[in-house]
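Following: one structure in structure tokens, then a few remarks.
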Amino acid sequence: MNMPMIAEDRLMCESEWGHTEFESKALRNLLGCYPTGVAIVTTRTADGRDVGLTINSFASLSLDPPLVLWSLVNHSPNLDVFRDCTHFTINILAKDHQELALRFANPRITNKFEDVAMHITPEGIPALHGAIATLVCENHKQDHIGDHLLMIGHVRRIGSENGKPLIFHSGSFTALHDAQLAQETL
């Protein structure tokens with residue numbers, strides 16, 4: 001049973017609360033408590049090779065101008081490709097796209113786009129068919145922060161389809177469940 005937070009919870013002495021020394025695995029597990037959507041970011045190299053990978057580090061940054069962000073670990077073999085690309089797409093996956101997410105997360109699969117339904121945006125970037133939302137972004141700015149490259153995209157084109165998102169939580173894929181809210185009678 002979840003207990004509601006009450007004012008007395010704030011009375012706990014700061015020195016008694018939380019751990020100040022922890023390993024990265026403990027932090028990773030803790031961050032896994034926060035459910036995230038799952039997306040595949042794609043681009044095309046100057047020589048015409050399509051590149052894509054699964055991310056869950058995606059967030060809205062600004063509506064005016066329309067900016068989004070995501071991050072890529074510094075040791076990724078695709079770091080230079082995304083750092084230097086002019087555009088990329090963020091394809092937000094539907095709840096039935098778990099296999100696709102795993103495919104684009106697997107570094108052993110050399111041609112992740114083989115037999116994957118996609119179309120090419122006017123900017124020349126692959127976009128995945130069936131994504132519930134697609135954002136075509138101009139590569140606006142990057143910054144190395146910690147062990148990741150933070151990518152900021154200026155959204156230039158959007159598209160969407162009906163569907164429910166694929167969710168990642170506590171190391172597993174899941175989906176949103178319909179909930180009926182009880183209405184109180186006054």
Side-chain angles (χ1 to χ4, degrees), residues 28 31-32 34-169 173:
R28 181 182 179 144
L31 293 172
Y34 186 69
T36 62
V38 182
I40 293 174
V41 63
T42 61
T43 194
R44 182 170 276 173
T45 64
D47 64 357
R49 183 174 58 93
D50 294 334
V51 178
L53 51 94
T54 302
I55 62 170
N56 68 343
S57 62
F58 165 70
S60 170
L61 180 60
S62 169
L63 293 177
D64 187 17
L67 301 173
V68 295
L69 61 86
W70 64 282
S71 64
L72 183 58
V73 67
N74 286 336
H75 65 267
S76 170
N78 296 307
L79 186 74
D80 292 344
V81 171
F82 282 101
R83 184 195 62 221
D84 299 337
C85 72
T86 60
H87 292 82
F88 54 83
T89 63
I90 296 175
N91 304 271
I92 299 173
L93 301 183
K95 68 178 181 177
D96 58 345
H97 287 152
Q98 180 175 338
E99 185 177 314
L100 192 61
L102 290 171
R103 175 189 189 112
F104 276 81
N106 187 340
R108 291 181 294 269
I109 298 176
T110 53
N111 184 0
K112 293 178 170 73
F113 291 88
E114 186 175 357
D115 299 324
V116 172
M118 65 176 184
H119 56 274
I120 304 302
T121 70
E123 295 79 8
I125 307 302
L128 303 180
H129 178 71
I132 61 170
T134 301
L135 299 94
V136 179
C137 301
E138 182 178 355
N139 191 348
H140 180 69
K141 185 177 183 177
Q142 313 87 34
D143 194 3
H144 284 280
I145 299 176
D147 60 0
H148 278 67
L149 177 67
L150 181 65
M151 301 282 300
I152 298 174
H154 190 150
V155 180
R156 297 299 187 177
R157 184 183 310 275
I158 60 173
S160 65
E161 296 185 20
N162 289 331
K164 293 192 181 211
L166 182 62
I167 305 295
F168 194 72
H169 178 254
F173 291 106

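Position 1 is the first residue of the sequence; numbering continues from there.
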Practice item. Using a 4.5 Å cut-off on heavy atoms from C-beta on, say whether the side chain of His144 contacts that of Leu79. Key: yes
Exercise for review: Taking atom NE2 of His119 as the centre, report whether more than 12 heavy atoms of other residues, nucleotides or ligands fall under 6.0 Å from it.
Suggested key: yes
Exercise for review: Quick one: closest heavy-atom pair of Ile167 and Gly37, and the distance?
Suggested key: CD1-CA, 4.4 Å
**Study point:** Beyond-backbone contact of Asn139 with Thr86, side-chain heavy atoms, under 4.5 angstrom
**Key:** no
Check your understanding: Taking it one step at a time, do Met151 and Val41 satisfy side chain to side chain contact (heavy atoms under 4.5 Å, CB included)?
Key -> CA-CA 11 Å; Met151 301 282 300; Val41 63; over 6 Å; no
Check your understanding: What pair of heavy atoms forms the shortest contact from Arg103 to Lys112, and how long is it?
Key -> NE-O, 2.6 Å
**Study point:** Nearest heavy atoms of Thr89 and Ala127, plus distance in Å
**Key:** OG1-CA, 4.2 Å
Review point. Between Phe82 and Thr42, which heavy-atom pair has the shortest distance, and what is it?
Key: CE2-C, 4.0 Å
Revision key, fill the gap. Across all chains, not counting sequence neighbours, the side-chain contact (heavy atoms from CB on, under 4.5 Å) partners of Ser60 are none
Point to revise | Ile90 side, atom CD1; Trp70 side, atom CH2 - distance, nearest 0.5 Å | key: 7.5 Å
Practice item. Calculate, to the nearest 0.5 Å, the distance between atoms CZ and CG belonging to Arg83 and Asn74 respectively. Key: 10.5 Å
**Study point:** Ile125 side, atom CD1; Thr43 side, atom OG1 - distance, nearest 0.5 Å
**Key:** 4.0 Å
Revision key, fill the gap. Shortest non-hydrogen pair, Ile40 vs Thr54, comes out as CG1-OG1, 3.9 Å
Practice item. Using modelled atom types only, decide if a donor and an acceptor are shared between the side chain of Lys164 and the backbone of Ile132 within a distance under 3.5 Å. Key: no
Practice item. With rounding to the nearest 0.5 Å, note down the distance linking CD1 in Ile152 to SG in Cys137. Key: 11.0 Å
**Study point:** For Asp143, side-chain contact (heavy atoms from CB on, under 4.5 Å) partners two or more places apart
**Key:** Ile145
Check your understanding: Can you tell if the side chain of Pro66 reaches within under 4.5 Å of the side chain of His154, non-hydrogen atoms only?
Key -> yes
**Study point:** Flag side-chain contact, heavy atom, 4.5 Å: Glu138 against His87
**Key:** yes
Practice item. Answer yes or no: does atom CG of Leu102 have more than 12 heavy-atom neighbours from other residues, nucleotides or ligands under 6.0 Å? Key: yes
Review point. Can you check whether Ile120 reaches Arg44 side chain to side chain, under 4.5 Å on heavy atoms?
Key: yes
**Study point:** For Gly130 against Ala94, the heavy-atom pair lying closest together
**Key:** O-CB, 4.2 Å
Review point. Between Arg156 and Glu123, is there a salt bridge with N-O shorter than 4.0 Å?
Key: no
Practice item. Would you mind reporting whether Leu93 and Phe104 have side-chain heavy atoms less than 4.5 Å apart? Key: no
Point to revise | Side-chain donor/acceptor of Asn91 to backbone N/O of Ala131, under 3.5 Å | key: no
Practice item. Would you please name every residue forming a side-chain contact (heavy atoms from CB on, under 4.5 Å) with Asp47, sequence neighbours left out? Key: Thr45, Arg49
Practice item. Compare all side-chain heavy atoms of Leu149 with those of Ser71 and state whether any distance is below 4.5 angstrom. Key: no
Check your understanding: Do Leu100 and Leu166 have side-chain heavy atoms sitting under 4.5 Å apart?
Key -> no
